[in-house]
Amino acid sequence: MDQRYDAVAETIRIEGTRILATLIRTVGDVQLAEDAVQEATLAALGAWPVTGVPPEPRAWLTVTARRKAIDIIRRERARAGKERDGSELIELTTTKELEADDVVQDDLLRLIFTCCHPALSPPTRVALALRTLCGLSSAQIAGVLLTTEVATTKRLTRARQKIAAARIPYRVPAEAELPDRLPAVCAVIHSLYTAGHAPVEGEAAYDVDVCAEAIRLGELLHSLLPDQPMPSAVLALLLLTEARRPARLDEHGEVVTLDLQDRGRWDAELIARGVALLNDSLQRSNRQADAYQLQAAIAAEHDRVPSYAATDWREIQRLYGLLIEIAPSPAAQLGQVVATAETGDITSALAQLDAVPRSPRWHAVRGELLARQGGYAEAVAELDEALESAPANHPERAHRERRRTLFRRHAAEQSRAAEHPPTG
């Protein structure tokens with residue numbers, strides 16, 4: 001039963017976002033569509049482990065979700081004392097045909113642009129997209145946005161209400177509207193990938209499903225706007241980062257740092273395509289490189305050298321400097337600190353670190369830098385701080401605990417050597 005249940009859950013995960021996108025087009029209401037898809041999912045989880053997954057699961061779920069939508073409409077209208085039987089949806093519930101892939105893809109693009117409407121604030125766009133496009137929980141979204149679960153739930157509710165009240169159209173905008181909408185769409189797709197690349201909860205160091213969905217949406221956006229430099233740069237960044245995933249964990253599921261990764265396990269095809277997309281994006285730009293192009297360029301510097309020792313850290317340091325100028329963020333600042341340290345200038349790296357907001361990663365980076373200077377006791381204290389709020393059972397936590405143990409051992413050796421200095 002467990003294996004059958006897992007197969008059902010996997011099928012629903014794959015099809016869920018596509019069905020939601022199609023249903024929003026049908027009913028014109030994000031909340032109604034989400035509620036109907038959730039009820040259809042519960043129905044599938046109850047039936048499929050017994051009857052088996054149907055030959056066309058997307059069609060089954062879509063028809064069931066539409067029927068659930070009719071039931072919800074009828075219940076709400078009955079409570080309000082109004083007559084409406086949902087007859088406009090009846091015909092749709094009897095169809096047996098699976099929507100063509102091009103129609104489904106168009107629905108997904110519509111959903112992306114609806115989530116990224118200018119009437120919504122930037123954090124709300126990201127929250128709504130993380131919820132509707134990937135099904136992330138309010139707790140997961142709160143982790144990405146550095147806020148609380150309660151605040152995230154309220155934000156999502158207000159967003160759905162605003163879309164309905166303002167009658168925000170469910171469509172890909174006209175060409176003249178794209179420049180205002182495109183940065184938000186790109187930010188959402190990048191945020192989706194980031195949420196999967198570094199999950200804030202759970203026991204996995206990487207959420208393959210979320211990252212795959214982000215890449216798929218990046219491909220869709222690039223196919224819609226192949227001549228626009230920004231979607232090309234975003235897709236390049238995602239592919240160049242994804243190419244290293246096979247080497248991020250060892251056979252025991254433990255984190256492998258970049259300097260120790262087996263580069264033979266990196267995906268050469270993804271790297272080649274990512275570099276080509278980046279070059280195309282840069283050629284199409286008629287201004288200063290944007291943040292995605294710079295991040296992709298940094299990833300390319302890592303990906304196209306044969307070894308860690310061959311990395312051009314001064315170029316990476318320069319690229320981070322440019323990124324901080326146009327899109328300052330703690331992540332970019334920490335990247336520059338690491339690049340500075342890798343050039344051999346630990347003192348300057350520590351000075352740069354003082355200007356970065358503190359976070360668990362800040363303490364982990366400072367611990368590593370202090371250890372390079374031989375300050376192992378101080379390094380242990382920094383790792384203690386880094387572990388204070390680290391998720392339990394997460395591979396990244398286990399990696400930091402191993403580093404702390406190593407530094408603690410070195411600190412003990414230093415202490416013994418100080419107590420018993422060599423004689424003669």
Side-chain angles (χ1 to χ4, degrees), residues 10 13-14 17 105 108 112 126 129-130 133-136 140 144 185-200 202 204-226 229-251 253-282 290-308 311 316 319 323 331-332 335 338 394-396 399:
E10 177 68 5
R13 181 198 64 75
I14 293 171
T17 300
Q105 289 183 354
L108 283 166
I112 295 173
V126 174
L130 290 172
L133 296 173
C134 275
L136 267 63
Q140 290 172 305
V144 174
V185 174
C186 289
V188 161
I189 291 175
H190 183 241
S191 295
L192 291 178
Y193 187 85
T194 300
H197 186 71
V200 295
Y206 191 93
D207 192 322
V208 176
D209 298 334
V210 173
C211 288
E213 182 68 5
I215 290 172
R216 189 169 64 84
L217 294 174
E219 295 276 14
L220 283 175
L221 185 63
H222 175 62
S223 67
L224 174 70
L225 301 166
M230 190 176 289
S232 297
V234 171
L235 183 56
L237 173 58
L238 268 53
L239 296 181
L240 290 166
T241 306
E242 181 71 10
R244 300 195 293 267
R245 179 177 61 81
R248 284 186 66 196
L249 301 177
D250 64 16
E251 63 272 17
E254 296 181 349
V255 171
V256 181
T257 52
L258 187 62
D259 57 320
L260 298 177
Q261 287 180 13
D262 178 2
R263 299 189 176 218
R265 298 180 62 193
W266 290 2
D267 192 319
E269 291 185 7
L270 287 185
I271 292 172
R273 182 156 184 252
V275 170
L277 283 166
L278 173 59
N279 290 337
D280 181 68
S281 174
L282 292 170
D290 66 30
Y292 300 113
Q293 290 170 332
L294 289 170
Q295 290 176 81
I298 292 168
E301 284 295 325
H302 288 297
D303 287 10
R304 57 191 172 192
V305 293
S307 67
Y308 191 80
T311 306
I316 291 175
L319 291 169
L323 179 61
V338 171
H394 193 280
E396 186 65 35
H399 170 70

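Only heavy atoms go into these numbers, but all of them, side chains included; no hydrogens, no water, no symmetry mates.
Every residue two or more places apart in sequence or in another chain that forms a side chain to side chain donor-acceptor pair (under 3.5 Å) with Glu242 is listed here: Tyr193, Tyr206, Arg245. With sequence neighbours excluded, no residue satisfies side chain to side chain donor-acceptor pair (under 3.5 Å) with His190. Applying the side-chain contact (heavy atoms from CB on, under 4.5 Å) criterion to Ala129, with sequence neighbours excluded, gives Cys115, Leu133, Val188. Annotation: side chain to side chain donor-acceptor pair (under 3.5 Å) contacts of Arg273 (sequence neighbours excluded): Glu219. Looking at residues two or more places apart in sequence or on another chain, you find a side chain to side chain donor-acceptor pair (under 3.5 Å) between His222 and Ser232.
Looking at every heavy atom in both residues, Leu240 comes nearest to Asp303 through O-OD2, 2.6 Å. Looking at every heavy atom in both residues, Val256 comes nearest to Ala247 through CB-O, 3.6 Å. Listed here is the closest heavy atom pair of Leu277 and Ala236: CB-CB, 3.8 Å. Scanning all heavy atoms of the two residues, the minimum distance from Ile298 to Ile316 falls at CG2-CG2, 4.2 Å. In terms of heavy atoms, Ser281 sits closest to Pro229 at OG-O, 2.7 Å. Across all non-hydrogen atoms, the minimal contact from Cys186 to Val234 is CB-CG2, 3.7 Å.
For the atom pair CG (Leu249) and CD (Gln261), the distance works out to 9.0 Å, reported to the nearest 0.5 Å. Atom-to-atom distance recorded for Asn279:CG and Gln293:CD is 10.5 Å, nearest 0.5 angstrom. A distance of 10.5 Å separates CG in Leu270 from CG in Leu238, rounded to the nearest 0.5 Å. One finds the NE2 atom of His302 at 8.0 Å from the CH2 atom of Trp266 (value rounded to the nearest 0.5 Å). Put simply, CG on Leu278 and OH on Tyr292 are 14.5 Å apart, with the number rounded to the nearest 0.5 Å. Separation of atoms NE2 (His197) and CG (Leu192) is listed at 14.5 Å; rounding is to 0.5 Å.
Taking 4.5 Å as the limit, some side-chain heavy atom of Arg304 sits within range of a side-chain heavy atom of Val275.
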Original post:
Between Thr257 and His399, is a side chain to side chain contact (heavy atoms under 4.5 Å, CB included) present by the stated rule, with each step listed?
Top reply: CA-CA 9 Å; Thr257 52; His399 170 70; 3.5 Å; yes

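Sorted pairs that involve residues 258-271 and meet salt bridge (Lys or Arg N to Asp or Glu O under 4.0 Å), not counting sequence neighbours, are lacking altogether.
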